[in-house]
Amino acid sequence: MPRIASVLLPMPLPEAFDYAEPEGLDLAIGDHVTVPLGPRVIRGVVTGLRDGTGGNRPLKPVLERVDDPPLPPGVLSFVEWAARYSVDVPGWPLAMALRGLRHPAAKPDKALVLTGAQPARMTPARLKVLAAAEEGPMASGALAAAAGVSAGVVKGMVDEGVLAVTWVEPDTRFPQPDLSRPPQTLNPSQQASADVLSEMLAAGGFQAALLDGVTGSGKTEVYLEAAAAALAADPDSQVLILLPEIALTQAVLARFEARFGVAPVEWHSAVSPPRRRRAWEGVAAGQARIVVGARSALFLPFRKLRLVVVDEEHDGSFKQEEGFIYQARDLAVARAKIEGALVVLASATPSLESLWNAQAGRYRWLRLSARHGAAQLPDIGLIDMRETPPEPGRWLSPPLVKAVSVALSRGEQSLLFLNRRGYAPLVLCRACGEKMKSPDTDSWLVEHRYTGRLVCHLTGFSMKKPEACPHCGAKDSLTSIGPGVERVEEEARHLFPDARIAVFSSDTVFDAAGARALVDSMAAGEIDILVATQAAAKGHNFPNLTLVGVVDADLSLRGGDLRAGERTFQLLAQAAGRAGRHEKPGRALLQTYAPEHGVLQALKAQDRDAFVEAEMAMRQEAGLPPFGRLAAVIASGPDPVALEAYCNALAAATPNAEGVEVFGPADAPLALVRGRRRKRFLVRAERSVDLQGFLAAWRARAKVPNSVRVVFDVDPYSFL
DNA sequence: AGCACGCCGACT
DNA sequence: GTCGGCGTGCTC
């Protein structure tokens, strides 16, 4: 009976294509093959085999099997799962899974072996060569060096037929971890956590744990012992440690080497293609047993993955925002589930999602107690705006202004954080009290002075700021109420005319390059005061930053960007880490009208549990993650008219679904990227809703015109 | 993603 | 009169 092979190709095709299996090829699932696709020949992977022929339409045949290590079944399931989760084609995650194979396999090396023939004349030098050659095949240079003779001696023996050329496979094996090394000394808290992880490993099957402990509590030692346990339990088991790309430093790798006697296998963007090939093959062969990598290491072809650790699991860089969009922390859990492995999420400031899972008992919650002398949060002060208010029409209170000027006088940097774009969040008429609102929602229009417009951040509606009140007709009566970053910048320039001041928001920074440039400039000390909505997003490290002023702490607690509060907390925790290491102590000042509020008290008291509880309550009330689910749909294109038309069509095609709300289209966070205008929809769904199903149905309903590109982003992280 | 087929401007 | 621009549509 002839067979049909389903072949998945690393391309944006909606599904695997069927090909006829040629007689005698005897394919297996996971095999790499080449297949004809239209006029060309493409590499793909066999994902299914079944009896049959093409039927009415004859199938093209698989051309040949490619001699690369087959993809293990877990990877194929994972690829499929990841595609559905991300509402994207399976070809993209497959392409990620094949990323180690772009470089050709290592070719065999030339080596010399003894033929058994005796040399016509024996010399001391030749004797030494014979002895050295006993060790096995060796390259001629290495043989001469081993024997301590010149290359001429070796060449003479080859000419005489005493040595012959053979080809040997290059030794691409990785050295094995030394599991006989003594474990590290752990404190009781660490030991208890390590013991629990060992028990979980011993129990086997998919399980998840949250390893939760402040900086300095020794999370790394704990998961290193878990790794040792996983490796020792089974000689074929493999361990994957995921780290944020920036954390993959030599110092971190050295800790692994110190524990296991060998360097771990590295996998990140800076690894060269030949090394990637080697790592990929080592992982596929089950021979690379400890892999330390960035998020894309998740797609490696592990055969017997027993432990996955996501260190700094709260870190925003685990969210891949371009190309194939995914959240590596979430996919790590999925991969572990597929492989029946233990997944450990580790952080000093866990994401609310993970804490929620821990609270619900889905993740085993391991809390490490702080070590003596561990870094504390920075000195956090609350400024009661009722007691020390700013001057009318100003937003920086006297204590904060003083702190900034002290930092300036010491040559240190300040960050003024206000999570609000534009100049003023509200414009109203002094004469009649009318608030300027968006026509189709009830939300306030935000004044932008850079552009002179009033903008609705939810729907994208915008209008020129009118001269007269549209309601009562009074002239020059429109007043800007409240601060945005533009207004705080204006005030800072007024207060500190000589300081170097920059603004970081999506209105001043349009693309990744701009963001990079501004962050670098800040890190290099070229900015004294950074007014920012966004800079805290990805945990940048500014060594000379000693003052963080939160202009409106109440705002970041009220919502807007759902992770604002979390990031504020993480920012402060990060400043704390520095305060412990530098001679300059970090300091945070939070301006608030409600210093008695639970979240602020929790921050001031450095009580994370109280902070989390309050934050959870707010998310729950707003139906935001983890209590509800979010997705963004971003459409972009060079032609604003075509883009607008497509967005309208997409809006009209919104499937009807219970428990799902769709907002937009509005201008996207980065409204202009490389000449392409961007629009965004936001989708909010209840947890019970099949969000991916909804999005897939929606995506299928509107044909995308050529000039427009659409991206579906499940669980988005960028909001500004 | 590639690559072909398909209809409208400046050139050996 | 042709060569070629890249718009759109398909690839088992």
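What you see is a predicted model; the values in this text were computed from it and never measured.
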Quick note, A/Arg40 side chain, CB onward, closest among B/dA1, C/dC12, B/dA4 is B/dA1
*Is it true that a side-chain atom of A/Arg629 and a backbone atom of A/Asp715 form a donor plus acceptor pair closer than 3.5 Å?*
no
Taken to the nearest whole Å, NZ/A/Lys60 to P/C/dC10 is 15 Å
Considering only heavy side-chain atoms of A/Met11, the closest of B/dC3, C/dC12, B/dA1 is B/dA1
Among the nucleotides B/dC3, B/dA1, C/dC12, whichever has the atom closest to the side chain of A/Pro12 is B/dA1
Rounded to whole Å, the CG-P distance (A/Leu8 to C/dT11) equals 17 Å
query = Do A/Arg276 and A/His103 get their side chains close enough for a donor-acceptor pair, meaning under 3.5 Å?
reply = no
Step through it carefully: locate the ring centre of A/Phe17, locate the ring centre of A/Tyr19, and say whether they are under 6.0 Å apart.
no
Touch check for A/Pro10, heavy atoms < 4.0 angstrom, all strands: base, sugar-phosphate only, or nothing?
-> nothing
Contact check, residues 17-25 of chain A vs DNA chain C, heavy-atom distance under 4.0 Å, returns A/Phe17, A/Asp18, A/Tyr19
* Are more than 12 heavy atoms from other residues, nucleotides or ligands located less than 6.0 Å from atom CZ of A/Arg687? -> yes
Rounded to whole Å, CG of A/Leu49 lies from P of C/dC12 at a distance of 18 Å
Exercise. Scan A/Leu37 against the nucleic acid and name what it touches under 4.0 Å (heavy atoms): base, sugar-phosphate only, or nothing.
Key: base
A/Leu9 CG to C/dT11 C1', in whole Å, measures 9 Å
From the list A/Glu312, A/Glu313, A/His314, side-chain hydrogen bond (donor to acceptor under 3.5 Å, both in side chains) with A/Ser347 holds only for A/His314
note: A/Ile42, atom CD1; B/dG2, atom C1'; distance rounded to Å ~ 7 Å
| query | A/Trp698 vs A/Phe694 aromatic rings, parallel, tilted or perpendicular, using cut-offs 30° and 60°? | reply | tilted
Paired with A/Tyr326, the ring-ring contact (aromatic ring centres under 6.0 Å, His included) test is passed by just one of A/Trp92, A/Phe299, A/Phe78, A/Tyr717, namely A/Phe299
Check: With sugar-phosphate meaning primed atoms plus P, OP1 and OP2, does A/Ile4 contact a base, only sugar-phosphate, or nothing at under 4.0 Å between heavy atoms?
Finding: nothing
Rounded to whole Å, the CZ-C1' distance (A/Arg43 to C/dC12) equals 19 Å
Original post:
Is the charged tip of A/Arg335 near the ring of A/Trp81: under 6.0 Å from the six-membered ring centre and within 45° of its axis?
Top reply: no
Whole-Å distance, A/Glu15 CD to C/dC12 C1', equals 9 Å
So, with a heavy-atom separation below 4.0 Å from DNA chain C, the residues of residues 87-103 of chain A are none
For this session: Could you check if a side-chain atom of A/Arg289 sits within less than 4.5 angstrom of a side-chain atom of A/Ser237, using non-hydrogen atoms only?
Result: yes
